[in-house]
Q: 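The structure is given below, and queries will be raised subsequently.
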Amino acid sequence: MIKIDINNVLNFVQKDDIISYESEIHKHYKALFNKTGKGNDFLGWINLPKEMLESDIISDIQATAKKLQEKSEIFVVIGIGGSYLGARAVIEALQDSFSQYKENSAPQIIYAGQNISEDYLSELMEMLDEKDYSVTVISKSGTTTEPALAFRLIKQHLENKYGKQEASERIVAITDKEKGALKKLSDEQGYKTFVVPDDVGGRYSVLTPVGLLPIAIAGFDIKKLVEGALKMQEFAATEHPITEDPIALYAATRNSLYQTGKHIEIMVNYQPKLQYFTEWWKQLYGESEGKQQKGIFPAGVNFTTDLHSMGQYVQEGLRILFETVVTIEKPNRELTVPKDELNLDGLNYLSGKPIDEVNKKAELATVLAHVDGGVPNIRISIPELNEFYIGEMIYFYEMACAISGYILDVNPFDQPGVEAYKKNMFALLGKPGFEKETEEIQKRIS
Ligand code: PA5
């Protein structure tokens, strides 16, 4: 199971301060499981692993994935925020780093609908001219501009390429069970659909079809992923002393650090495959906690890469940072440093050592340096990078996020701040229904 090590924060906060969160956290667990706390209409994610494994949704997803795999070299995932980050986080963590250059049994997954770049979309469709592909469009609300725009383009491209009937068989929509433009369009066009449950918010939706369909199409075992999450769900459902509960310890430690002025948490990985896991975590924590002028700012770095760009700031910049390192204990592959007769690079002292040993020493060296420089360090580790442990991590971070939000006394399940830019954008674009806002914004910018 996931392990947490907080020894490298104890120069900065007292262990007793962290432990003192125990009774409060037990209260928050109860509020979450009994659905009595803030945002309690968005707690569907709590029992999701168990519910998914007991339902026939997983087999429906697997059957749909199989059909689409057979007819696609490329699979396009259209969505933004919580409607794509979870899938991308899991797929990139599990897939070969160079899969696009190798023979694969599963389609290559690519992403659209997370930007409004004319170049990106145009280059994407140019590439799709040459490939057999299918697509899923994912939007809980069914009305988000970025994915709607990308889908309009790709739908037309598909219809021109394959004809309307075949196009509709290459499209899967994942949306609300009854509301929104995407649901209406899907019903009219006869697309296969999956439902985003009402009580699961976007950033908590990776274990629904939102994440599971793209992950299955990429060729990964979604049942194992959900089983890993279930293990964590069952753990969380039973009361444990805080010292034996990694979820509680993580929530308590980061909040203790926040109270001492450590306002930025940097998620650190030493494994490039985890870059998008960090992106998923950033959204989960940023959108859940950043409200009412409160919250830890979630940032991310990829080490050792970013030690050569961000390392200077972490070591010596403003002392408002702490790091949470996510470590994979054992790599999936084996490669050792070769011996070189000439040894002109001076690396023979490493010959015969696994590359991962060098990486782990880099990690330890960095932790010691950063702690010396005033940056506390939480270490979270999983045994290996596979579906089961990623499932555990997903549930671990979701539950710790909910508890952290309750400690901060905010609603971790809403995101009212996201609407501000949308209102301005619709006003600037002259969207019907926004006439008054258009008039006001034009005065402001003229
Ligand atoms: O977590 C969230 O709620 C958001 O990030 C949404 O997932 C994102 O805005 C996309 O929304 P929708 O799925 O409605 O298109």
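Counting convention: from 1, in listed order, for ligands and their atoms alike.
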Q: Check this for me, if you would: do E329 and R379 make a salt bridge, where the nitrogen-to-carboxylate-oxygen distance has to be below 4.0 angstrom?
A: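 Between R379 and E329 there is a salt bridge, with a charged N closer than 4.0 Å to a carboxylate O.
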
Q: Is K282 salt-bridged to E279, cutoff N-O under 4.0 Å?
A: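 Salt bridge: yes.
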
Q: May I ask you to say whether K71 pairs ionically with D132, meaning some side-chain N is under 4.0 Å from a carboxylate O?
A: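 Answer for the salt bridge query: no.
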
Q: Are V90 and F220 close enough that some pair of their side-chain heavy atoms sits under 4.5 Å apart?
A: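 No, every pair of side-chain atoms sits at 4.5 Å or beyond.
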
Q: Give the atom numbers and elements of ligand 1 that come within less than 4.0 Å of a heavy atom of S141.
A: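 Atoms satisfying the 4.0 Å criterion: 12 (P), 14 (O), 15 (O).
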
Q: What protein heavy atom lies closest to atom 3 (O) of ligand 1? Include the residue and the distance to one decimal.
A: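 Atom 3 (O) of ligand 1 sits closest to the protein heavy atom G202 N, 3.6 Å.
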
Q: Is R254 close enough and on-axis enough to Y258, meaning under 6.0 Å and within 45°, for cation-pi?
A: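 No, R254 and Y258 do not form such a contact.
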
Q: Of all the non-hydrogen atoms in the protein, which one sits nearest to atom 9 (O) of ligand 1, and at what distance?
A: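 In this structure, atom 9 (O) of ligand 1 has I80 CG2, 4.5 Å as its nearest protein heavy atom.
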
Q: Name the closest protein heavy atom to atom 5 (O) of ligand 1, giving the residue it belongs to and the distance to 0.1 Å.
A: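 So the nearest neighbour among protein heavy atoms is Q283 NE2, 2.5 Å.
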
Q: Closer than 4.0 angstrom: is that true for some heavy atom of E146 and an atom of ligand 1?
A: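 No, that is not the case, since the closest heavy atom of the residue is not under 4.0 Å from the ligand.
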
Q: Please could you name the atoms of ligand 1 that Q415 approaches to less than 4.0 Å, counting only its heavy atoms?
A: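 Contacts of ligand 1 toward Q415, numbered from 1: 3 (O).
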
Q: Does any N/O atom on G82 come nearer than 3.5 Å to any N/O atom on ligand 1?
A: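 So ligand 1 has an N or O lying under 3.5 Å from an N or O of G82.
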
Q: Does the pair K231/E227 count as a salt bridge with the N-to-O cut at 4.0 Å?
A: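 Salt bridge between K231 and E227, a charged N being under 4.0 Å from a carboxylate O: no.
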
Q: From the options Q114, E419, E287, select the one whose nearest heavy atom is closest to atom 2 (C) of ligand 1.
A: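 Minimum heavy-atom distance to atom 2 (C) of ligand 1 goes to E287.
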
Q: Taking the side chain as everything from C-beta on, heavy atoms only, tell me whether T366 gets closer than 4.5 Å to N377.
A: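 No, side chains not in contact.
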
Q: Hey, which atoms in ligand 1 end up nearer than 4.0 Å to a heavy atom of R203?
A: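 Atoms satisfying the 4.0 Å criterion: 1 (O), 2 (C).
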
Q: Taking 4.0 angstrom as the limit and counting only heavy atoms of T144, give me the atoms of ligand 1 inside it, by number and element.
A: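 That gives atoms 11 (O), 12 (P), 14 (O), 15 (O) of ligand 1.
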
Q: With a 4.5 Å cut-off on side-chain heavy atoms, are F151 and I171 touching?
A: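 Answer yes - side chains close enough.
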
Q: Hey, is ligand 1 close enough to S139 that some N/O pair sits below 3.5 Å?
A: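 Yes, there is a polar N/O contact under 3.5 Å.
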
